[in-house]
Visitor: 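Quick one: the structure is below, and I'll ask about it shortly.
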Amino acid sequence: MTEYTSQKDLKEMVNKIMSKSPELESIFFVGCGASFSELYGATYFLKQNAHKLKVQSIQANEFNYARPNLADKTAVVVVASLSGTTKESVNAVSNAKKWGCQTVALTHLADSSLTKDADFTIVHAFFEDYASKAAKQKDALGFAVEILEAVEGFNQYQKMLDGLKVVDSITNFAADNVKESAKDFGEKYKNEKTIFILASGPNFGVGYSTANFIFMEMQWIASPILDSGEYFHGPFELTVKDAPYLLFMSDGKTRHLVARALEFFQKFDAKYTVIDAKDFWLDSKIDSEVVDYFDPLVLTGAMRVYAEELSKARKHPLSKRRYMWKLENY
């Protein structure tokens, strides 16, 4: 089994995929839980930029039980699982293989169940630093960049490669510089039973991950995730004085969507915190044409610090669970 760990490796892997399937037409990003949400950025990138290549992000067990018609010999299926042991994701690799798709396992553990039936394996970091918390997203995005370039060409290809080279240092910079604001956040929200999250564009996956896995899974705080553009089409009715919100603000095209919501929060005295990608100077190192696609990686690293400080303030470790790892057959 060949393991792919660098952008050069990803390019080589894509070349092998194309040599086996020159008629490649579609790509699926498949996973469960946090791994599923961490594939959102790559999906968004391709939806924004592909002219011909079809792309879909789908939860692993939905993929298993409701096979999309496009999942055939003209497709490549990327399945992510941090541990490589998530049974639904392992089954998704097997099913994709059975249906004739080329398969890519994206995992932290190279010699795991996820990789057994996969044609290719991408091994990502996780524990090294705050940037590594977004390594799965980065590798999925890097793979998406190479697939798009190989299938139909991409005029911002070099700008994306340049961004991929520097984004880890920006992410670690962001994490180092939010420690005080993260402590304030922990104290401010430690007694909340519900925290609403708003995000849009490429950052929706970060919002989804924060709501479902940091707040609900790790902290047992109810957390509706709202698309910033949809906020004014129903959910804004719950915005009253001191209603608790967390906003992920983009450095790119969809920034206005969150800025509009922020103005509404201020008007009605909601309790809000903004984690703003623009605060971390991405656009000074990454071209403005593509900076959007790197926001989620940097915000993921910063949010991890917020999560740690919230868990300290609540005296509720991030590893504490009621059911996960304790119950079988669920």
Side-chain angles (χ1 to χ4, degrees), residues 31-42 80-83 106-108 124-141 164 166-190 192 195-199 202-221 223 225 244-251 272-282 293-321 324:
C32 298
S35 290
F36 177 54
S37 69
E38 288 164 341
L39 298 170
Y40 186 88
S81 169
L82 175 65
S83 67
L106 177 55
T107 180
H108 176 63
H124 66 81
F126 188 72
F127 295 104
E128 289 77 356
D129 52 21
Y130 285 102
S132 70
K133 301 303 180 188
K136 190 186 302 172
Q137 296 179 61
K138 181 184 175 184
D139 285 344
L141 179 61
L164 288 163
V166 300
V167 69
D168 285 354
S169 63
I170 300 172
T171 301
N172 285 325
F173 168 82
D176 287 342
N177 282 273
V178 298
K179 290 179 180 176
E180 290 305 315
S181 58
K183 288 180 182 177
D184 293 342
F185 173 83
E187 288 299 318
K188 184 176 178 181
Y189 289 81
K190 65 183 180 182
E192 295 295 344
I195 302 174
F196 297 92
I197 295 180
L198 266 70
N203 295 327
F204 188 80
V206 181
Y208 183 93
S209 183
T210 300
N212 285 279
F213 314 116
I214 290 178
F215 288 168
M216 289 201 276
E217 178 189 333
M218 298 181 181
Q219 291 296 292
W220 306 349
I221 298 171
S223 186
I225 168 65
Y245 287 88
L246 173 63
L247 296 84
F248 291 102
M249 186 166 276
S250 170
D251 198 16
Y272 63 86
T273 293
V274 179
I275 305 180
D276 188 348
K278 195 172 280 293
D279 289 341
F280 309 126
W281 303 96
L282 276 81
Y293 308 120
F294 297 94
D295 284 359
L297 283 69
V298 177
L299 293 177
T300 293
M303 185 60 219
R304 188 71 182 194
V305 183
Y306 278 74
E308 290 169 355
E309 293 302 330
L310 180 63
S311 72
K312 292 175 187 175
R314 287 168 52 80
K315 297 180 173 57
H316 184 126
L318 294 174
S319 58
K320 186 176 181 179
R321 301 289 189 277
M324 186 174 285

Visitor: What distance separates L198 CG from N203 CG, expressed to the nearest 0.5 Å?
Guide: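 With rounding to 0.5 Å, CG (L198) is 12.0 Å from CG (N203).
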Visitor: List the atom of F213, the atom of M218, and the distance in Å for their closest heavy-atom pair.
Guide: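 That would be O-CG, 2.9 Å.
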Visitor: In Å, rounded to the nearest 0.5 Å, how long is the span from CD of E38 to CG of L297?
Guide: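 E38 atom CD to L297 atom CG measures 9.5 Å (nearest 0.5 Å).
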Visitor: Does the side chain of L246 come within less than 4.5 Å of I275's, by heavy atoms?
Guide: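 Yes, their side chains come closer than 4.5 Å.
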Visitor: State the CG-CG distance between D168 and D129, to the nearest 0.5 angstrom.
Guide: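 Reported to 0.5 Å precision, the distance equals 7.0 Å.
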Visitor: Looking only at heavy atoms, which two atoms of L164 and V167 are closest? And how far apart?
Guide: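 Heavy-atom minimum between the residues: O-CG1, 3.8 Å.
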Visitor: Do side-chain atoms of Y189 reach the backbone of Y245 as a donor and acceptor pair under 3.5 angstrom?
Guide: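 Confirmed, Y189 side chain pairs with Y245 backbone.
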Visitor: Mark yes or no for whether D295, through its side chain, and D251, through its backbone, hold a donor-acceptor pair below 3.5 Å.
Guide: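 Yes, because the side chain of D295 sits within donor-acceptor range (under 3.5 Å) of the backbone of D251.
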Visitor: Under a 3.5 Å distance rule, please check whether Y306 uses its side chain to pair with a backbone N or O of K179 as donor and acceptor.
Guide: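 Pair absent, no side-chain N/O of Y306 close to backbone of K179.
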Visitor: Mind telling me whether H108 and H124 have parallel, tilted or perpendicular rings, with 30° and 60° as the class edges?
Guide: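 Judged by the thresholds at 30° and 60°, the geometry between H124 and H108 is tilted.
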Visitor: Which pair of heavy atoms, one from L39 and one from A140, lies closest together, and at what distance?
Guide: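 L39 and A140 have their closest heavy atoms at CD2-CB, 3.9 Å.
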Visitor: Decide yes or no for D139 and L106: does some side-chain heavy atom of the first lie under 4.5 Å from some side-chain heavy atom of the second?
Guide: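 Answer yes - side chains close enough.
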Visitor: Out of curiosity, F173 CZ to Y130 OH, how far, rounded to the nearest 0.5 Å?
Guide: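 One finds 15.5 Å between CZ of F173 and OH of Y130.
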Visitor: What heavy-atom pair brings S35 and K136 nearest, and what distance separates the two atoms?
Guide: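 Where S35 meets K136 most closely, the heavy atoms are OG-NZ, 2.5 Å.
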Visitor: Does any N or O in the side chain of N212 come within less than 3.5 Å of the main-chain N or O of Y208, such that one atom is a donor and the other an acceptor?
Guide: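 It does hold such a pair.
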Visitor: Using every non-hydrogen atom in the two residues, find where V298 and A174 come nearest and quote the distance to one decimal.
Guide: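 In terms of heavy atoms, the two residues are closest at CG1-CB, 3.7 Å.
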Visitor: In the structure I gave you, are the side-chain heavy atoms of F248 and F204 within less than 4.5 Å of one another anywhere?
Guide: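 Sidechains of F204 and F248: no contact.
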Visitor: With no hydrogens and no angle check, is any side-chain donor or acceptor of T210 less than 3.5 Å from a backbone partner on V206?
Guide: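 Here the side-chain-to-backbone pair exists.
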Visitor: Could you pull out the closest heavy-atom pair between I214 and A307, with the gap in Å?
Guide: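 Nearest heavy atoms, I214 then A307: CG2-CB, 3.6 Å.
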Visitor: Does some side-chain heavy atom of Q219 sit less than 4.5 Å from a side-chain heavy atom of S311?
Guide: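 Yes, at least one pair of side-chain atoms sits under 4.5 Å.
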Visitor: Could you tell me if the side chain of K138 sits less than 4.5 Å from the side chain of F294, heavy atoms only?
Guide: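 F294 vs K138: side chains apart.
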Visitor: Given side chains that start at C-beta, do those of T300 and R304 come closer than 4.5 Å, heavy atoms only?
Guide: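 A side-chain contact under 4.5 Å is absent here.
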Visitor: Heavy-atom distance under 4.5 Å between the side chains of L299 and P296, does that happen here?
Guide: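 Side-chain contact under 4.5 Å: no.
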Visitor: Atom CG of D176 and atom CZ of F280: how far apart are they, to the nearest 0.5 Å?
Guide: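 One gets 11.0 Å once the value is rounded to the nearest 0.5 Å.
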Visitor: Within a strict 4.5 Å, meaning less than it, do heavy atoms of the L310 and F215 side chains meet?
Guide: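 Side chain of L310 against side chain of F215, heavy atoms only: contact under 4.5 Å found.
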Visitor: Output yes when E309 and K183 qualify as a salt bridge under the 4.0 Å nitrogen-oxygen rule, no when they do not.
Guide: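 Looking at E309 and K183, the cut-off is not met.
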Visitor: Are any side-chain N or O atoms of E128 and backbone N or O atoms of F126, one a donor and one an acceptor, separated by less than 3.5 Å?
Guide: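 Yes: the side chain of E128 pairs with the backbone of F126.
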Visitor: Output yes when a side-chain donor or acceptor of T107 lies under 3.5 Å from a complementary backbone atom of L82, and no otherwise.
Guide: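 Yes, T107 side chain to L82 backbone: donor-acceptor pair under 3.5 Å.
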Visitor: Can you tell me how far apart OG (S209) and CD1 (I197) are? Round to the nearest 0.5 Å.
Guide: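 S209 atom OG to I197 atom CD1 measures 9.0 Å (nearest 0.5 Å).
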